[in-house]
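For the numbers below, each heavy atom of this structure counts, side chains included, while hydrogens, waters and symmetry mates do not. Numbers restart at 1 for each chain; the letters A, B, ... are given by sequence-line order, proteins then strands.
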Protein chains: 2
Amino acid sequence: MKIGELGQIAQCTVETVRYYEKEGLLPQPERTSGNFRSYGPQHLERLRFIRNCRALDMTHGEIRTLLEVMDAPAAGCGRVNALLDEHIGHVDARIAELMQLKLQLGELRHQCKAEQPAAACGILQGLVSMESEARQERHTHLG
Amino acid sequence: MKIGELGQIAQCTVETVRYYEKEGLLPQPERTSGNFRSYGPQHLERLRFIRNCRALDMTHGEIRTLLEVMDAPAAGCGRVNALLDEHIGHVDARIAELMQLKLQLGELRHQCKAEQPAAACGILQGLVSMESEARQERHTHLG
DNA sequence: CTCACACCCTGAAGCTACTATAGAGTCAAG
DNA sequence: CTTGACTCTATAGTAGCTTCAGGGTGTGAG
């Protein structure tokens, strides 16, 4: 099948497919006489795998690790388990950060009840005078 | 004061300060005879404002909007209130996404209890066969 | 046969918010 | 007069794509 069909089935754009190829996540497929990429079912499976990992917000690095394990089916899957545990930790950490953020934002929002001249707006005043503690180091790749 | 001092007080690097200037968030300061940037208290206040907004995960675009309102103190602050509400919506949406993600990851994690050959690993199998529903459009800039 | 049109190709640039690096200049103290 | 801390500019790199420019391929209609 050609790249457009592959992308459609795997729910991503052709540009993304080509990008994964350039990144080495997806192997280079055969080409037709007209130089079009020609994919088989094994490419689709691998692309699905990658998209599923991405849907779980894994990085390309994490995905690469998983693919390496997959490509050595006789080796142990310990790295997979460890990677998933770590990734779940990332998600937990980010959720906690965002909950904290939400609290702060809610507080700030209450500083201004209704539209008024900007000079008197409690939100803007709050943003000027806030003391944001030094942001701790990130323990997650989630933005 | 010079850029190093400014950065230290506002808890950011000198590179970040110069970057904000290039982005137009921070006005260009006077220069000393030796071409060093020379900042006054109004620069510090504005930089603090920016850093506080960033600590709340606002984008430069959002911050630019807030700064525009601040620079027209007689105009209404309706846009500020709306922007904050929207931003809180972003945070809520991202939290919901991540909670869903965590559920999926937890389920996946249980597919493999202990290390075993990769070919038999339930996690890898799950990642191949998962049907990730087409990712809905992002309603948030939060990663 | 030729034309339009949908699809494909490559390579490079753009996006966000920085961070890092190279190579050079400024300035105060010893 | 030299050392060292600081500053300057310009450029490239980060992640994971998206968008664009400028072309080539293949198919159905007229």
Once you round it to whole Å, what is the distance between [atom2] of [N] and [atom1] of [X]?
X      : N       : atom1 : atom2 : result
E15(B) : dA22(C) : CD    : C1'   : 13 Å
M58(A) : dG16(D) : CE    : P     : 12 Å
D57(B) : dC18(C) : CG    : C1'   : 14 Å
E5(A)  : dG26(D) : CD    : P     : 16 Å
R54(B) : dT19(C) : CZ    : C1'   : 14 Å
K2(A)  : dG24(D) : NZ    : C1'   : 13 Å
E62(B) : dA17(C) : CD    : P     : 9 Å
E21(A) : dG11(C) : CD    : P     : 11 Å

- Message: Looking at R37(B) and E21(B), is any side-chain nitrogen of the basic one under 4.0 Å from a carboxylate oxygen of the acidic one?
- Response: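 A salt bridge links E21(B) with R37(B).
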- Would you call R46(B)-D71(B) a salt bridge at under 4.0 Å N-O?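 Here R46(B) pairs with D71(B) in a salt bridge, since their nearest N and O are under 4.0 Å apart.
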- Message: Can you list, in residue-number order, the parts of residues 25-37 of chain B that come under 4.0 Å of DNA chain D, counting heavy atoms only?
- Response: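 Output list: R31(B), N35(B), F36(B), R37(B).
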Less than 4.0 angstrom between a side-chain N/O of [X] and OP1 or OP2 of [N], yes or no?
X      : N       : result
H60(A) : dG16(D) : yes
T13(B) : dC18(C) : no
Y20(A) : dC17(D) : yes
R18(B) : dT9(D)  : no
T16(A) : dT18(D) : yes

- salt bridge (Lys or Arg N to Asp or Glu O under 4.0 Å): which pairs involve residues 100-128 of chain A, sequence neighbours left out?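 Every pair satisfying salt bridge (Lys or Arg N to Asp or Glu O under 4.0 Å) with a residue in residues 100-128 of chain A: K102(A)-D92(B), R109(A)-D85(B).
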- Query: Less than 6.0 Å separating the ring centroids of H60(A) and Y19(A)?
  - Reply: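 They qualify: ring centres under 6.0 Å apart.
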- Message: I need the minimum non-hydrogen distance between C112(B) and C77(A), along with the two atoms involved.
- Response: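 Smallest interatomic distance, heavy atoms only, reads SG-SG, 3.7 Å.
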- Query: Does CD belonging to E15(B) count more than 12 external heavy atoms closer than 6.0 Å?
  - Reply: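 Correct, the count exceeds 12.
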- Assess whether salt bridge (Lys or Arg N to Asp or Glu O under 4.0 Å) is satisfied between E5(A) and K2(A), documenting all intermediate values. CA-CA 6 Å; E5(A) 196 186 343; K2(A) 282 185 289 181; over 6 Å; no
